[in-house]
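Single-structure report; data block below.
Numbering of ligands and ligand atoms starts at 1, following listing order. On a predicted model such as this, the values are computed, not experimentally measured, just so you know.
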Amino acid sequence: MRASITGVGHFVPEKRLTNQDLEQMVETNDEWITTRTGIKERRILDQNKGTSYMAVRAAKHALERAGVRPEKVDLIILATVTPDMLVPSTAAVVQEELGASRCWGFDLNGGCTGFLCALATGAQFVESGRHQTVLVIGADKMSAIIDYDDRNTCVIFGDGGGAVLLERSDDGKSGIDDYELHLDGAGAKYLYVSGGGSLHPPTHETVDQKMHYVHQDGRVVFKQAISGMADVSGRLLERNGVSAETVKLLIPHQANYRIIDSVAKKLHLDPEQVMVNIQKYGNTTAATIPMAMSEAWQDGRLERGDRVILSAFGAGFTWGSLLLTWTMDR
Ligand code: UT7
């Protein structure tokens, strides 16, 4: 039995933060941001709202497109690094607001690879026959953990949410075909938020030292992201007998256009085989892939039977790729 995607949706807040806005906030400029990252603007959620606000709306969008009522959902897996609060899980908030009255669920932290970790996990429950309807969400309010005085990070990140519904594949054999995921904690020192957890609980000192914000060594992450995403994607395509020409779409994590472009070139993919929407949203961490998938579907770039490869790299380090066959009809 295969798990397949039967609904996909996304949500972004209205408020835009443009490169011109950032020019007023830190020493940067539109030209630097555009050429180094490909980003033109990002969306920012209201301060008084949490990640669940976007997760719920993305999930409703996916359920509507699948034609499935919330009460049918068996399991909610929410990938995020910005939960509404530490306890309870944001999945619990989403469950209640959706009215998904007969499910269980949990949050998962896989950094920018979180959505792929959640998708691979959700697929196991459907494939084993244990569950029939699994909601997989990736959502992050990065603006809550970004230092808008730090030009190394504030130009990159934004807020958003995306979701897919997983059900049994109708033909029994197409859907989530294969995946390969990795975790290497040696990378932890290059991308982290050190304050607010059990090791460094919040104190005046952790706030003064800006320990609740994202810190990143961009150059190290950049290099590792290209090799990690390209190597795993290449292996996955090869072992499944999928040639570069037969890939309909690579939907990569949207962290930096130069990373996406290098990965695509290493895989011998043409630009029309690559989904890019980073210019509009920046890096929304766990949300980039389901948001991009939802827009690709909306734009008519995906048809039943298409081979699609998803790939991501992020904090941990975590990285990996997932190969699927598209199973949604128009
Ligand atoms: O999604 C999770 C994984 N994260 C990623 O995949 C992000 C990976 N890394 C990147 O995308 C890039 O490394 C960044 C976009 C973060 C930075 O780009 P870069 O080309 O690696 O720049 P850099 O850090 O090597 O900095 C080059 C120069 C430096 O100045 P000097 O030392 O050469 O004088 C920086 O201080 O650019 C400077 N700089 C900026 N200048 C204008 C750094 N940030 C900015 C800025 N505006 N916002």
Checklist entry - Can you tell me if Lys40 and Thr18 form a side-chain donor-acceptor pair at under 3.5 Å? => result no
Next on the checklist: Going by side chain to side chain contact (heavy atoms under 4.5 Å, CB included), name the residues that satisfy it together with Lys265, two or more places apart in sequence or in a different chain.
Outcome noted: Asp261
Next on the checklist: Strictly below 4.0 Å, N to O, side chains only: are Asp177 and Arg307 in salt-bridge contact?
Outcome noted: yes
Checklist entry - Are Asp159 and Lys49 ion-paired here, with the side-chain N under 4.0 Å from a carboxylate O? => result no
Checklist entry - Exactly which residues line ligand 1, taking a heavy atom under 4.0 Å from it as the test? => result Glu27, Thr28, Trp32, Arg36, Thr37, Cys112, Arg151, Asn152, Val155, Ile156, Leu191, Gln216, Gly218, Arg219, Val221, Phe222, His253, Ala255, Asn256, Arg258, Ile259, Asn283, Phe313
Next on the checklist: Run the side chain to side chain contact (heavy atoms under 4.5 Å, CB included) test against Lys280 and tell me which residues pass, sequence neighbours left out.
Outcome noted: Asn277, Glu295
Checklist outcome for this item: residues 36-92 vs ring pair (Phe, Tyr, Trp, His ring centres under 6.0 Å), sequence neighbours excluded, gives His10-His61, Phe11-Tyr53
